[in-house]
Structure formats: structure tokens, C-alpha cells
Amino acid sequence: MSEHALEVNKGERFEFGKNWNRFLSLLDEERIHEAELSLRHMLEVDDLQGKSFLDIGSGSGLFSLAARRLGARVHSFDYDPNSTACTAELKRRYFENDANWTVEEGSALDADYVCSLGKFDVVYSWGVLHHTGKMWAALENAALPVAQGGKLFIAIYNDQGGASQRWTTFKKVYNQSPVPIRFLMTLGLGACWELRTAAIRMARLQNPFSRMERKTRGRGMSLWFDLVDWAGGYPFEVAKPEQLLDFFRQRGYELCKMTTCGGGHGCNQLVFERCHTGDSHA
């Protein structure tokens with residue numbers, strides 16, 4: 001049995017890949033287009049023609065697909081074999097037998113593996129490294145394959161202090177519970193969030209149901225599958241934006257763009273540019 005399977009069986013890891021496999025049934029041109037827009041906006045480019053793109057923790061494979069459609073040469077890898085299979089399925093659907101898109105299993109914690117891939121113009125890891133169980137080591141490794149002048153695009157869960165500790169407990173219980181309890185936990189969480197959002201929108205004299213009417217979330221994702229991912233996403237670590245800024249500044253990176261979640265739950269998105277080698281042991 002693989003290390004991943006052992007962790008799942010012990011309730012120490014959420015099966016992200018199974019969730020993304022179900023998400024693929026919803027994938028269409030509108031979602032892919034939104035994913036492309038997200039990359040173009042955060043990377044501040046019109047396309048990725050002539051660029052190399054490393055997707056660390058490719059998940060559903062949606063953003064590897066978006067990068068490839070924008071013209072990049074893509075290498076995707078994921079620790080979860082079901083996530084790797086999802087990415088391979090999208091390659092089969094849209095870029096079968098394409099030599100410019102490689103998909104394989106690999107770990108963000110394996111520095112030797114990451115270094116063996118070479119250097120990339122864009123290294124992308126959205127909502128992944130905080131689920132490795134060793135987030136700071138994973139962040140260190142994510143910086144290794146970025147080419148000089150290249151960009152590192154990450155998204156890391158925001159540190160909410162005590163609230164983050166409570167979320168950690170929630171996620172532990174979720175992963176150690178039987179499937180019916182997991183479903184009820186996810187349903188209850190979603191209901192609480194939607195009622196809270198509806199109440200806020202009503203107080204602002206806005207349509208309380210407008211969010212529910214949207215077919216897609218930002219980045220082309222799905223409200224339900226994102227909710228399942230949030231409820232079960234474990235291991236779970238967090239960081240403040242300033243911690244990430246200091247961490248990468250010491251390693252020769254400068255911030256290009258940042259979008260925060262305003263101090264609430266969710267991910268802070270940061271795009272860095274590698275300006276010089278820096279001190280990898282700082």
C-alpha cells in the first residue's frame with residue numbers, strides 16, 4: 001500500500017483526487033475560460049506562448065489545461081494518484097499525445113524530484129502546499145525550479161489565529177468520520193455559509209440568491225466541490241501574507257501581485273518574481 005493510501009486510511013489525509021474526479025463531469029468551456037482569465041490576470045500576461053509552466057499539485061488538472069491552452073509547455077504532478085489521473089484525463093480529452101504536456105505522480109516534499117524537473121518560467125501551486133503536512137518545506141521546494149526572472153504563483157490559507165485552530169479540529173474530525181457524517185458536516189457548513197452570505201447581501205439591499213445562481217465560482221471552480229475540498233482538506237496549515245513575503249524575500253524573490261482574503265478564511269494569492277539567487281538557507 002502506498003504512503004498516500006496509508007495516510008488516507010488513518011484519517012490523516014483527505015482524498016482530494018476523488019473530489020476532483022467528480023468535478024470533471026461539470027467541466028466545460030466556460031469554466032476553462034475562467035481558469036485562463038485567472039492565470040492571465042494574476043500573471044499579468046495575454047498568453048503563455050513560449051513559456052514553461054510547472055503545476056505543483058495539479059488536482060483536477062484544470063489549470064494545467066488552461067496554461068497549455070494559453071500556449072505554455074506544461075509539466076503537471078500531484079501526490080494523490082487520483083488527482084494525477086484527473087489531470088491525465090484532461091490531457092487525453094484536449095491534448096492527447098501532446099509532447100508539450102507531461103503528467104506524472106510526484107511529491108512537493110521531494111526536493112530531489114522537484115530539482116530534477118529543471119527550471120520553469122512559471123511555477124504554479126494554488127491551494128496545495130498547505131496540504132502537504134510540511135508547508136514551509138514545500139514552499140522551500142516550490143522556489144527551487146523557478147528560472148531567473150521567472151514567476152512563482154502560490155495560494156496559501158490565511159492564518160486566522162484561533163479560528164484556524166478550530167478549522168484544523170473540524171477537518172481532523174471530518175477525515176476520521178464515516179461518509180454519511182462527512183456529508184452532513186459538509187451540508188451543514190455550506191448552509192451556514194450561504195445563510196450568512198444571504199443575510200449580508202439582504203442588509204446591503206442586494207439579491208441574497210445571486211451567488212447561488214452563478215454556474216461557476218471564480219477561477220472556473222464549483223461551489224459544491226470547493227466546499228467539500230474546504231471541509232475535508234487535511235493536512236491543514238496556514239500563514240499570514242507578511243510571513244510569506246519575508247520567506248520569499250530572503251530567497252531572492254520580489255512580490256509582483258497579491259490578492260488577500262481580507263483577513264477571513266480562504267487563500268491569499270501571491271505572485272513573486274525570482275530576481276536573484278538569494279539565500280536558500282536564510
Side-chain angles (χ1 to χ4, degrees), residues 38-45 48 50-59 63-64 66-67 70 72-79 102 104-161 164 219 233 235-263 266-282:
S38 171
L39 288 179
R40 290 171 57 194
H41 171 68
M42 289 300 294
L43 295 173
E44 298 180 315
V45 297
L48 292 170
K51 303 293 185 181
S52 53
F53 184 98
L54 176 61
D55 191 352
I56 299 178
S58 55
F63 283 84
S64 288
L70 289 172
R73 173 175 57 81
V74 178
H75 185 98
S76 316
F77 74 87
D78 202 294
Y79 179 62
T102 305
E104 61 187 21
E105 283 187 40
S107 172
L109 296 178
D110 187 343
D112 290 339
Y113 168 72
V114 174
C115 287
S116 75
L117 301 176
K119 300 295 184 180
F120 291 82
D121 299 307
V122 179
V123 174
Y124 175 87
S125 193
W126 207 105
V128 172
L129 304 178
H130 48 230
H131 290 314
T132 60
K134 296 180 180 179
M135 181 182 71
W136 293 106
L139 286 164
E140 181 85 61
N141 290 345
L144 298 175
V146 183
Q148 194 78 7
K151 291 184 177 179
L152 173 64
F153 180 4
I154 60 172
I156 298 293
Y157 278 137
N158 186 49
D159 186 351
Q160 296 178 272
S164 294
R219 304 175 57 250
F236 174 73
E237 294 180 80
V238 296
K240 295 181 183 297
E242 54 267 32
Q243 289 178 294
L244 296 168
L245 290 172
D246 288 343
F247 182 86
F248 285 105
R249 188 178 297 117
Q250 292 171 2
R251 288 155 178 80
Y253 286 80
E254 290 185 1
L255 182 69
C256 298
K257 193 177 186 71
M258 178 170 67
T259 302
T260 72
C261 56
C267 288
N268 297 313
Q269 302 181 70
L270 301 96
V271 179
F272 295 94
E273 181 176 348
R274 185 170 198 167
C275 299
H276 53 84
T277 303
D279 182 359
S280 62
H281 302 288

Might you point out which heavy atoms bring [X] and [Y] nearest each other, and give the distance in Å?
X	Y	value
Thr132	Ala108	CG2-CB, 4.4 Å
Ser164	Val238	OG-CG1, 3.9 Å
Glu237	Gly133	OE2-C, 3.2 Å
Met42	Lys257	O-CD, 3.4 Å
Ser107	Tyr79	CB-CD1, 4.1 Å
Asn158	Pro241	OD1-CD, 3.9 Å

Non-hydrogen side-chain atoms of [X] and [Y] separated by less than 4.5 Å:
X	Y	answer
Val74	Thr102	no
Leu152	Val271	no
Pro145	Leu117	no
Ile156	Asn268	no
Phe53	Asp121	no
Lys134	Asn141	no
Phe153	Gln269	yes
Leu43	Leu48	yes

Residue pair Leu39, Leu70: steps toward the side-chain contact (heavy atoms from CB on, under 4.5 Å) verdict: CA-CA 9 Å; Leu39 288 179; Leu70 289 172; 4.1 Å; yes

Working to the nearest 0.5 Å, report the span between [atom1] of [X] and [atom2] of [Y].
X	Y	atom1	atom2	value
His130	Cys267	NE2	SG	4.5 Å
Phe236	Met135	CZ	CE	10.0 Å
Leu245	Gln250	CG	CD	11.0 Å
Lys151	Cys256	NZ	SG	5.0 Å
Phe120	Ile56	CZ	CD1	9.0 Å
Asp78	Ser58	CG	OG	4.5 Å

Closer than 3.5 angstrom, by distance alone: can the side chain of Arg274 be matched with the main-chain N or O of Val146 as a donor-acceptor pair? yes

May I ask you to decide if Leu255's main-chain N or O and Glu273's side chain share a donor-acceptor pair within less than 3.5 Å? no

Anything under 30° is parallel, anything over 60° is perpendicular, the rest tilted; go ahead and classify [X] against [Y].
X	Y	answer
Phe248	Phe272	tilted
His75	Tyr113	tilted
Tyr157	His131	perpendicular

Can you confirm whether the side chains of Ser76 and Asp55 place a donor and an acceptor under 3.5 Å from each other?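 Not at all, the side chains of Ser76 and Asp55 share no donor-acceptor pair under 3.5 Å.
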
Quick check, are the ring centers of Phe63 and Tyr124 under 6.0 angstrom apart? yes

I would like to know whether Thr260 and Leu270 meet side-chain contact (heavy atoms from CB on, under 4.5 Å); could you show each step before the answer? CA-CA 8 Å; Thr260 72; Leu270 301 96; over 6 Å; no

Cation-pi between Arg249 and Phe247: NZ/CZ under 6.0 Å from ring centre and within 45° of the ring axis?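 No.
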
